[in-house]
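Accompanying notes for the structure given below.
No experiment lies behind these values; they were computed from the predicted model shown. In what follows, every heavy atom counts, from backbone to side chain, and hydrogens, waters and symmetry copies are set aside.
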Amino acid sequence: MMFKLRIVLLVGFLFIFFGASAQKRYNKSLNQIYGKRHQPARFFNNKKMKVICPQNIVNEYPYQGIGVKIGDPFAATFKLYATSWLAFSVDAGFGAHGLYKSQYSEFFDNFPQGDTTTYFNHKVNRDTYMAVKASYYRKAPKMFKGFEYYISLGWQFRYVSIQYGYNAELSPTGTIFGSFTRQIDYMGPDVGIGIEYSYFDLPVSAFFELNGMYSIMTDYEFFKVQGGVGLRYIF
């Protein structure tokens, strides 16, 4: 798990680093074309474009962002930036069910078939994800211009359809193979941290999130670390 976590963290920081580097090269090329008088566009108070991303302009709140998150889960994401320090988000998509292989195999023992048969394998037919969260934002130190960090608290829902394969003994020398499909629904609190970068000449913010979800369902109780990177269009 620690190896996978390090990979997610590395990908997230590389994503933000190269995004910032690309932005610097873009600004440099504009200065070469238009001269030193060129300045990034900024928003007016009436939401007309004047820095195309209003992330750090206090009097532009509230505004919204919509985009995509890649990782666990792969999801569409909507965020309402209510104030400079408070935001609300809704994410919906599909979980990376390959990361839950051991948990899903252990769930087999919770079914009646687990008392008289032996687990053989399983296949996830559907793994639907949804989460609602509130985030508390703080600006990063001035040396990290355009960066903000935040903590989030919310609730996560997962709806999973799994087909299980099993072996049943007919006699001491013979077994048969069978299968059944079960719907597994679980939910629980979602706590996370994130970094967001928005100092672009485009109405876009880039973010990296790492969160933990604890399932409170009695039969499917477990804790899982999740994370991903994404982009949102700000409007």
Side-chain angles (χ1 to χ4, degrees), residues 1-9 11-13 15-16 62 64-111 122 124-140 147-162 182-196 205-232:
M1 178 182 292
M2 289 302 298
F3 177 74
K4 293 178 180 178
L5 180 57
R6 290 172 183 170
I7 291 297
V8 172
L9 287 171
V11 171
F13 283 113
F15 180 85
I16 294 174
Q64 305 83 38
I66 188 169
V68 64
K69 178 180 177 181
I70 300 173
D72 181 28
F74 179 83
T77 174
F78 171 83
K79 179 166 278 192
L80 171 65
Y81 299 85
T83 71
S84 60
W85 56 270
L86 180 64
F88 302 94
S89 61
V90 178
D91 299 343
F94 304 97
H97 54 77
L99 301 177
Y100 299 81
K101 185 175 181 179
S102 60
Q103 281 92 353
Y104 291 162
S105 62
E106 292 170 1
F107 289 169
F108 179 85
D109 295 330
N110 296 319
F111 303 118
H122 74 267
V124 176
N125 296 323
R126 184 180 67 255
D127 186 350
T128 306
Y129 157 96
M130 186 175 72
V132 292
K133 294 177 283 188
S135 301
Y136 174 71
Y137 274 77
R138 296 286 292 176
K139 291 186 183 299
F147 283 93
E148 292 183 287
Y149 61 92
Y150 57 91
I151 58 174
S152 62
L153 177 63
W155 201 261
Q156 185 177 140
F157 305 85
R158 299 290 282 258
Y159 306 98
V160 186
S161 175
I162 304 178
R182 287 292 181 271
Q183 175 76 26
I184 299 175
D185 300 335
Y186 57 94
M187 63 181 180
D190 184 315
V191 179
I193 57 174
I195 301 172
E196 191 160 354
S205 71
F207 64 92
F208 166 70
E209 293 182 339
L210 184 66
N211 63 294
M213 179 268 188
Y214 179 73
S215 172
I216 63 172
M217 305 298 286
T218 303
D219 292 337
Y220 313 116
E221 186 174 335
F222 68 93
F223 176 80
K224 190 66 179 177
V225 175
Q226 303 165 327
V229 297
L231 290 172
R232 289 191 186 94

Walk me through whether Tyr136 and Tyr150 qualify under ring-ring contact (aromatic ring centres under 6.0 Å, His included).
CA-CA 5 Å; Tyr136 174 71; Tyr150 57 91; over 10 Å; no

Taking it one step at a time, do Phe207 and Val229 satisfy side chain to side chain contact (heavy atoms under 4.5 Å, CB included)?
CA-CA 6 Å; Phe207 64 92; Val229 297; over 6 Å; no

Passes side chain to side chain contact (heavy atoms under 4.5 Å, CB included), Phe107 versus Ile184? Steps please.
CA-CA 9 Å; Phe107 289 169; Ile184 299 175; 3.5 Å; yes

Between Tyr81 and Tyr137, is the side chain to side chain contact (heavy atoms under 4.5 Å, CB included) condition met? List the steps.
CA-CA 10 Å; Tyr81 299 85; Tyr137 274 77; 3.7 Å; yes

Give the intermediate values and the outcome of side chain to side chain contact (heavy atoms under 4.5 Å, CB included) for residues Tyr149 and Ile193.
CA-CA 7 Å; Tyr149 61 92; Ile193 57 174; over 6 Å; no

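Across every non-hydrogen atom of Leu80 and Pro62, the tightest pair is CD1-CB, 4.4 Å. Here the shortest heavy-atom pairing between Gly227 and Asn211 reads N-OD1, 4.1 Å. Residue Ser105 comes nearest to Ser102 through the heavy atom pair OG-O, 2.7 Å, listed as atom of the first residue, atom of the second, then distance. Here the closest non-hydrogen pair linking Ile162 and Asn125 is C-ND2, 4.4 Å. Here the shortest heavy-atom pairing between Phe94 and Pro73 reads O-CB, 3.3 Å. For Met213 against Gly188, the heavy-atom pair with the smallest separation is CE-N, 3.6 Å.
Using cut-offs of 30° and 60° for the angle between ring planes, the Phe111 and Tyr220 rings count as tilted. Taking the six-membered ring where tryptophan is involved, the planes of Phe222 and Tyr100 are perpendicular, since the angle between them exceeds 60° and thus also 30°.
Within 6.0 Å of CZ in Phe74 there are 12 or fewer heavy atoms belonging to other residues, nucleotides or ligands.
Look at Glu209 and Lys69 and you find a salt bridge, because one of the NZ, NE, NH1 or NH2 atoms lies within 4.0 Å of a carboxylate O, short of that distance.
Residues passing the salt bridge (charged side-chain N to carboxylate O under 4.0 Å, His left out) test with Lys79, sequence neighbours excluded: none. By the salt bridge (charged side-chain N to carboxylate O under 4.0 Å, His left out) test, Asp127 pairs with Arg158, sequence neighbours left out.
Between atom CZ of residue Arg182 and atom NE2 of residue His122 there is a gap of 15.0 Å, rounded to the nearest 0.5 Å. Taken to the nearest 0.5 Å, the CG atom of Asp185 stands 9.5 Å off from the OG atom of Ser161. Atom-to-atom distance recorded for Lys133:NZ and Ser89:OG is 5.0 Å, nearest 0.5 angstrom.
Side-chain N or O atoms of Asn110 include one that pairs as donor or acceptor with a backbone N or O of Asp219 at under 3.5 Å. A distance-only check finds a donor-acceptor pair linking the side chain of Asp72 to the backbone of Ala96 [under 3.5 Å].
Side-chain contact between Val160 and Tyr104 is present, with heavy atoms from C-beta onward closer than 4.5 Å. Between Arg138 and Glu148, every side-chain heavy-atom pair lies at or beyond the 4.5 Å cut-off.
No hydrogens or angles considered: a donor-acceptor pair under 3.5 Å links the side chains of Ser205 and Glu196. Residues Arg232 and Gln64 have side chains that never bring a donor and an acceptor to within less than 3.5 angstrom of each other.
Checking Asp190, Leu99, Leu210 one by one against Gln226, the side-chain contact (heavy atoms from CB on, under 4.5 Å) holds for a single residue, Asp190.
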